[in-house]
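Heads up: the structure comes next, in structure tokens.
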Amino acid sequence: KSSQSLTQGFLLAFGELFLKSKGVQKLLKRNLANHLTFFLKKEKVDFKLRQYRERFFIEINPYENSSRSSPTRTVLVGMAKVLQNTFGLAWFAQTFFLAKANLKDLSRFIKINYPKWLKPNQTFALRLKKDESVKESREQIIKEIAEPIKRKVNLGKPNKEIFLEGRKSGWFIYFKKQKGLGGLPIKSQGRIMTLVSGGIDSTPASWLMAKRGAENIWLHFHSFPLVSQKSIEKVRELARVFINYQPKLKVYFLPFSQIQLQIKTNTPAKYRVLLYRRIMFKIAQKLARKENCQALATGESLGQVSSQTLTNLAIIEEALKIPILRPLIGFDKEEIIALAQKIRTYEISIQPQEDCCSLFIPKHATASGRLEIAQELEKKLGLDKLIQETLKEAEIEIF
Ligand code: ATP
Ligand code: MG
């Protein structure tokens, strides 16, 4: 006699996390659990998170005072949306869970329910996974489950796969694995500061860093009031999309027009872009230190524009100590656009903006600057005081 009970929820499989040592795994799992808890609460899901060695089970709490025996579509769709945006998952599947069930209970459950899952002419395959607490052999289990299913078996190309996972706590029954985002749980790999322009590239760059577990803080340089607030509004809109992936996002908005004007009036056109960018990074490094960020990240891609040649990248970062990460360095524009579409930032990022650079960018920027010249020009400008003032005018918004 058993006291089995049926609930529903989602079963989660980890990606790379599974390859780590025990201690690291524990940390990563804690990050993942925090992340899921935050987003599921935001979706108002009433759930319990059960942790196994290589799985999480998000169990939807049974409805009290309700005649419903299964969760609503709204709840399931909301949960799937959260899981679809969670880093660190190889796959997830909506699942039944027969708690405390033995093989007889499982067999009975399937016998009663399979006509709902399989039309009379459909084929099926059982996929079995069990841990050491399940004593029956694979053959025995398959035989016991498959026998009462009056449908044809097709192991190669079935109409439906029925996945069965046996554990000490009970049996999971599910049909469809949905691919997760992969990567590592967010916040598990420290913190970075990403330079975000509002254009197409920088948000996907930030997302790729988040995918590998780095928590992002954003930094945006704007040229308001010399130009409209459009770039600021775009960055806000992008931030609101980004918090689907990272629970909280801090964004720095820094006025850049005074510095740009100084550069524009005092340096030759050829070198202006390099100087803008050297100064941007200098400021970014200061802020990154203050925020305990261990690296900067940008949306630069090799050779995309003249400031992104190897020669110029070297000049731009020459004076920096902090590592600069460029996750898009080997991406073609087309690949970046595809990623921007996938993460749903593309439409926002292509809205027109007179971004701080387009206003100030000369027609002919050099693709192969000389470091000594850039250094010399920068020294003459003597921007330290202006940089200090700019930093004081920083505005912070939390999303
Ligand atoms: P994006 O599409 O991200 O704007 P881009 O192709 O226009 O990139 P650049 O304008 O050369 O290229 O900028 C390269 C990178 O420098 C950006 O991806 C971003 O990380 C950073 N960057 C450029 N402009 C700004 C800005 N106004 N504020 C913050 N970061 C910026
Ligand atoms: Mg840009």
Side-chain angles (χ1 to χ4, degrees), residues 192-210 216-224 226-236 238-239 242 250-260 263 272-288 293 295-313 315-317 320 322 324-329 331-341 343 345-362 365-367 369 390-391 394-395:
I192 59 163
M193 180 162 281
T194 303
L195 285 91
V196 171
S197 66
I200 298 172
D201 307 337
S202 27
T203 324
S206 181
W207 187 90
L208 284 174
M209 295 313 303
N216 285 258
I217 292 181
W218 281 6
L219 168 57
H220 174 64
F221 293 97
H222 62 81
S223 305
F224 183 78
L226 283 186
V227 303
S228 75
Q229 299 222 46
K230 185 66 190 176
S231 78
I232 298 175
E233 277 156 25
K234 278 175 71 180
V235 170
R236 284 191 187 125
L238 291 168
F242 201 74
K250 187 174 194 175
V251 184
Y252 276 88
F253 294 90
L254 253 74
F256 203 52
S257 52
Q258 289 311 311
I259 291 174
Q260 282 172 305
I263 295 175
R272 280 177 207 155
V273 179
L274 287 181
L275 290 166
Y276 297 147
R277 302 191 60 71
R278 275 175 68 99
I279 306 297
M280 270 190 190
F281 278 104
K282 207 169 176 176
I283 295 174
Q285 176 172 262
K286 280 186 200 292
L287 277 178
C293 295
L296 300 177
T298 75
E300 288 158 318
S301 147
L302 188 60
Q304 195 193 77
V305 289
S306 66
S307 60
Q308 297 172 24
T309 58
L310 280 179
T311 310
N312 284 349
L313 289 175
I315 293 176
I316 289 166
E317 67 172 72
L320 300 178
I322 193 164
I324 301 183
L325 308 174
R326 300 181 170 97
L328 299 179
I329 197 70
F331 278 53
D332 291 348
K333 196 72 187 187
E334 225 174 286
E335 294 167 321
I336 300 174
I337 288 173
L339 180 55
Q341 284 167 334
I343 68 175
T345 58
Y346 181 70
E347 294 299 327
I348 303 168
S349 65
I350 57 170
Q351 290 171 32
Q353 76 187 60
E354 329 140 74
D355 81 58
C356 70
C357 292
S358 55
L359 179 73
F360 292 92
I361 279 181
T366 179
T390 299
L391 280 167
E395 287 179 29

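Only a predicted model underlies this, so the values are computations on that prediction, with no experimental measurement involved. First listed ligand is number 1; within each ligand, the first listed atom is number 1. Start at 1 with the first residue, then count along the sequence.
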If the cut-off is 4.0 Å to any non-hydrogen atom of Leu219, which atoms of ligand 1 fall inside it? 29 (C)
Out of Val235, Ile336, Thr345, Leu208, which residue meets the side-chain contact (heavy atoms from CB on, under 4.5 Å) rule with Thr203? Thr345
Show me which atoms of ligand 1 lie under 4.0 Å from any heavy atom of Asp201. 1 (P), 2 (O), 3 (O), 5 (P), 6 (O), 8 (O)
With sequence neighbours excluded, what pairs up with Ser206 under the side chain to side chain donor-acceptor pair (under 3.5 Å) test? Asn216, Trp218
Under 4.0 Å from ligand 1, counting heavy atoms only, is it the side chain of Ser307, its backbone, both or neither? side chain
Kindly identify the option in Ser197, Ala284, Ser349, Ser231 whose heavy atom sits closest to atom 1 (P) of ligand 1. Ser197
Gly299 N/O under 3.5 Å from ligand 1 N/O: yes
What do you reckon, is NZ of Lys286 surrounded by more than 12 foreign heavy atoms closer than 6.0 Å? no
Quick one: which ligand 1 atoms are inside 4.0 Å of a heavy atom on Met280? 24 (N), 25 (C), 26 (C), 27 (N)
Partners meeting side chain to side chain donor-acceptor pair (under 3.5 Å) with Gln304 (sequence neighbours left out): Asp201
Would you name the heavy atoms of Ser307 and Val273 that are closest together and state the gap between them? CB-CG1, 3.8 Å
Less than 3.5 Å apart, any donor N or O on the side chain of Lys234 or Gln351 sitting next to an acceptor on the other? no
Please determine if Ala297 has a nitrogen or oxygen closer than 3.5 Å to a nitrogen or oxygen of ligand 1. no
Atom 26 (C) of ligand 1: which of Tyr252, Phe221, Phe253, Phe281 has the nearest heavy atom? Phe221
Which atoms of ligand 1 are found less than 4.0 Å from any heavy atom of Thr298? 20 (O)
Test item: side-chain donor near acceptor, Ser231 and His220, under 3.5 Å: yes
Quick one: is the NZ or CZ of Arg326 closer than 6.0 Å to the six-membered ring centre of Phe331, and within 45° of its axis? no
As an exercise, identify every atom of ligand 1 less than 4.0 angstrom from a heavy atom of Ile200. 2 (O)
Would you call Arg277 a ligand 1 contact, heavy-atom distance under 4.0 Å? yes
Residue portion contacting ligand 1 (non-hydrogen atoms closer than 4.0 Å) for Thr194: neither
